[in-house]
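Because the structure is a prediction, the values reported are computed rather than measured. Count residues from 1 along the sequence.
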Amino acid sequence: MKYADYEKGDCFLDDRSEEVLEYYDIDVISKRKGRGSIICHTKQGNILVREYIGTKRRMEYEEELLLKLNEIGDIVTDCPLKNKEDNLITELEDGTTYIVKLWFDGKECDVKNVEDVYKGAEKLAVLHNNFNNLSIDAEIPVSPEGIYEEYYKHNVELKRARNYIRNKTKKGMLELDILRNFDTYYHMAAEAVDTMKSLSEKSDSEKGITHGNYNYHNIIFDGNKTCIINFEGSRYQMQIIDLYNYLRKVMEKYQWDEKTGINLLESYDRIKPISRFEKETLKALISYPEKYWKVVNRYLNSSKSFIAEKNYEKISQVFIQQELKASFVLKI
């Protein structure tokens, strides 16, 4: 590997990328920091270097999946690269492991720009259609549990938090708010989980390969190309979960504005029609008071002697957003 000058102002005293890239036949021109990574501009194109905690089997699956997606050409992905020893994972002398992936110039999907948001939904539909037309030889990871089992566990955690707070002698503002609203939100949660349970018996026909973490941070627009990145969560499960995760992340920024949400769903539906079963599953997922559960779960797993003010502010927002979500569900 050959080096040119680093970008001015950057310090890489604790950067392991030099050591990692000695295993690759790559000529680096400049480097900069990314999210938990180092992005390198090279003579062979842009690449990303980051630590990897995972299995060889998992990386082999990602390589096959992403290579085949890139061959189709509708979407570009951050495909992993093999080193000089023909390995996807590079292990350093201290035992830490790293991967090197293709990377892109371009701009991240701007959640404040509705056209970007709708385009992100369209590209998810394209991605799902491509997934469904692929034949993968590698072992496809399977979700360890269905959505019913996952959200049922959420409800168990809600009850555990409620019982813990009830038994406390002295309660803070957040704890009082959790108790004050518990019956209302637990009723919503129980109804949503009951619906998920009834739907789960028919879910097999709606399963396929998913991205696993589809959100606007993982979409990059590079001229006429759309680049989708970070497939570490990709697995075989209901594809509507990808759409729900994307919709929820966007709609939280738009205060569950009905017009934005409906247009987003229509952008997806035009390319990959949403089945009646998927629509009912989507409604159940949206109806679940996920923000309330997240605040309660964070409380449950935190130091009970210190309740962050930020958590109290978040639960105040939950009350507003849940009503907007309920109204939105009626429009789907």
Side-chain angles (χ1 to χ4, degrees), residues 20 34-40 45-83 87-90 97-109 111 119-145 147 150 206-222 225-250 268 271-272:
V20 173
R35 287 194 183 108
S37 63
I38 298 294
I39 298 170
C40 304
N46 291 334
I47 61 169
L48 176 142
V49 182
R50 71 168 177 78
E51 190 172 353
Y52 177 71
I53 302 174
T55 65
K56 178 182 176 182
R57 181 182 296 178
R58 170 79 207 190
M59 189 49 59
E60 288 172 344
Y61 158 72
E62 284 188 40
E63 181 201 29
E64 182 182 356
L65 176 70
L66 302 187
L67 278 174
K68 288 185 174 180
L69 286 173
N70 283 347
E71 286 173 4
I72 294 172
D74 295 330
I75 287 166
V76 182
T77 69
D78 55 341
C79 194
L81 303 177
K82 289 185 176 180
N83 61 25
N87 294 323
L88 291 166
I89 302 171
T90 297
T97 51
Y98 292 80
I99 57 172
V100 173
K101 304 194 293 183
L102 294 176
W103 206 246
F104 319 97
D105 287 322
K107 73 178 188 73
E108 189 176 283
C109 176
V111 71
K119 187 176 180 181
E122 290 174 1
K123 293 305 177 181
L124 176 59
V126 171
L127 182 66
H128 283 166
N129 281 337
N130 287 349
F131 279 156
N132 294 340
N133 290 323
L134 289 181
S135 175
I136 301 293
D137 295 324
E139 182 180 350
I140 303 173
V142 179
S143 182
E145 56 190 16
I147 58 168
E150 178 184 348
E206 304 291 346
K207 289 182 179 179
I209 298 174
T210 62
H211 179 279
N213 188 27
Y214 194 82
N215 60 62
Y216 47 86
H217 295 302
N218 289 332
I219 307 165
I220 298 174
F221 299 127
D222 184 4
K225 295 185 299 184
T226 298
C227 314
I228 298 177
I229 60 175
N230 295 330
F231 285 77
E232 289 84 356
S234 176
R235 63 188 65 185
Y236 188 80
Q237 62 181 354
M238 293 174 61
Q239 291 184 327
I240 198 67
I241 295 173
D242 270 346
L243 181 58
Y244 164 67
N245 286 331
Y246 180 65
L247 175 74
R248 179 174 60 81
K249 288 282 189 180
V250 168
Y268 179 96
I271 294 168
K272 184 180 184 296

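Between the side chain of N218 and the backbone N or O of N213, at least one donor-acceptor pair lies under 3.5 Å. Put simply, the side chain of D78 never gets that close to the backbone of K101: no donor and acceptor are under 3.5 Å apart. Remark: side-chain polar atoms of Q237 are not paired, donor with acceptor, to backbone N or O of V142 under 3.5 angstrom. The backbone N or O of D137 lies less than 3.5 Å from a partner atom in the side chain of E64, making a donor-acceptor pair. In this structure, the side chain of Y214 engages the main chain of G120 through a donor-acceptor pair within 3.5 Å. A distance-only check finds no donor-acceptor pair linking the side chain of S234 to the backbone of G212 [under 3.5 Å].
The side-chain hydrogen bond (donor to acceptor under 3.5 Å, both in side chains) test applied to N70 returns T77, not counting sequence neighbours. In this structure, the side-chain contact (heavy atoms from CB on, under 4.5 Å) partners of D105, at least two apart in sequence or on a different chain, are N46. For S37, the side-chain contact (heavy atoms from CB on, under 4.5 Å) criterion is met by I39, L48, R50, not counting sequence neighbours. Taking N87 as the reference, nothing meets the side-chain hydrogen bond (donor to acceptor under 3.5 Å, both in side chains) condition, with sequence neighbours excluded. Shown here are the side-chain hydrogen bond (donor to acceptor under 3.5 Å, both in side chains) partners of E150, two or more places apart in sequence or in another chain: there are none. Qualifying side-chain hydrogen bond (donor to acceptor under 3.5 Å, both in side chains) partners for N245, counting only residues two or more places apart in sequence or in other chains: none. Looking at residues two or more places apart in sequence or on another chain, you find no salt bridge (Lys or Arg N to Asp or Glu O under 4.0 Å) involving D74. Residues meeting the salt bridge (Lys or Arg N to Asp or Glu O under 4.0 Å) test with K107, sequence neighbours left out: D116. Partners of L67 according to the side-chain contact (heavy atoms from CB on, under 4.5 Å) rule, which considers only residues two or more places apart in sequence or in another chain, are E63, C79. For E51, there are no salt bridge (Lys or Arg N to Asp or Glu O under 4.0 Å) partners, not counting sequence neighbours. Under the salt bridge (Lys or Arg N to Asp or Glu O under 4.0 Å) criterion, E139 pairs with R57, sequence neighbours left out.
Remark: K119 is positioned above the aromatic ring of F221, its terminal NZ or CZ atom under 6.0 angstrom from the ring centre and at most 45 degrees off the axis.
Rounded to the nearest 0.5 Å, atoms CD (E232) and CD1 (I53) are 11.5 Å apart. Here the CD-CG distance, from E71 to L134, works out to 9.0 Å after rounding to the nearest 0.5 Å. Note that CD1 of I75 is 6.0 Å distant from NZ of K123, once rounded to the nearest 0.5 Å. Separating the CG atom in L124 from the CD1 atom in I271 is a distance of 9.5 Å, to the nearest 0.5 Å. Interatomic distance, I89 CD1 to K56 NZ, rounded to the nearest 0.5 Å: 8.0 Å. How far OH of Y236 is from OG1 of T210: 10.5 Å, rounded to the nearest 0.5 Å.
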### Y246/I219 under side chain to side chain contact (heavy atoms under 4.5 Å, CB included): CA gap, chis, key distance, verdict
CA-CA 11 Å; Y246 180 65; I219 307 165; 3.9 Å; yes
#### Entry: side chain to side chain contact (heavy atoms under 4.5 Å, CB included) between E206 and I240, worked out
CA-CA 8 Å; E206 304 291 346; I240 198 67; over 6 Å; no
### Message
Could you walk me through whether Y52 and L88 satisfy the side chain to side chain contact (heavy atoms under 4.5 Å, CB included) test, starting with their C-alpha distance in whole Å, then the side-chain angles of each, then the deciding distance to 0.1 Å, before giving a yes or no?
### Response
CA-CA 10 Å; Y52 177 71; L88 291 166; over 6 Å; no
#### Entry: Chi angles and distances behind the side chain to side chain contact (heavy atoms under 4.5 Å, CB included) call for V100, N83
CA-CA 8 Å; V100 173; N83 61 25; over 6 Å; no
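Crowding of K207 atom NZ: a count of heavy atoms from other residues, nucleotides or ligands under 6.0 Å exceeding 12.
Counting only residues at least two apart or on different chains, the ring pair (Phe, Tyr, Trp, His ring centres under 6.0 Å) pairs with a member in residues 119-140 are H128-Y268.
Between D222 and C227, the shortest heavy-atom distance links the atoms CB-SG, 4.0 Å.
Ion pair R35/E108 flagged as a salt bridge, since at least one NZ, NE, NH1 or NH2 atom sits closer than 4.0 Å to an Asp/Glu carboxylate oxygen.
No option in I140, N132, L69, D242 other than I140 meets the side chain to side chain contact (heavy atoms under 4.5 Å, CB included) test with I209.
Between S143 and M238, the closest side-chain pair of non-hydrogen atoms is not below 4.5 Å.
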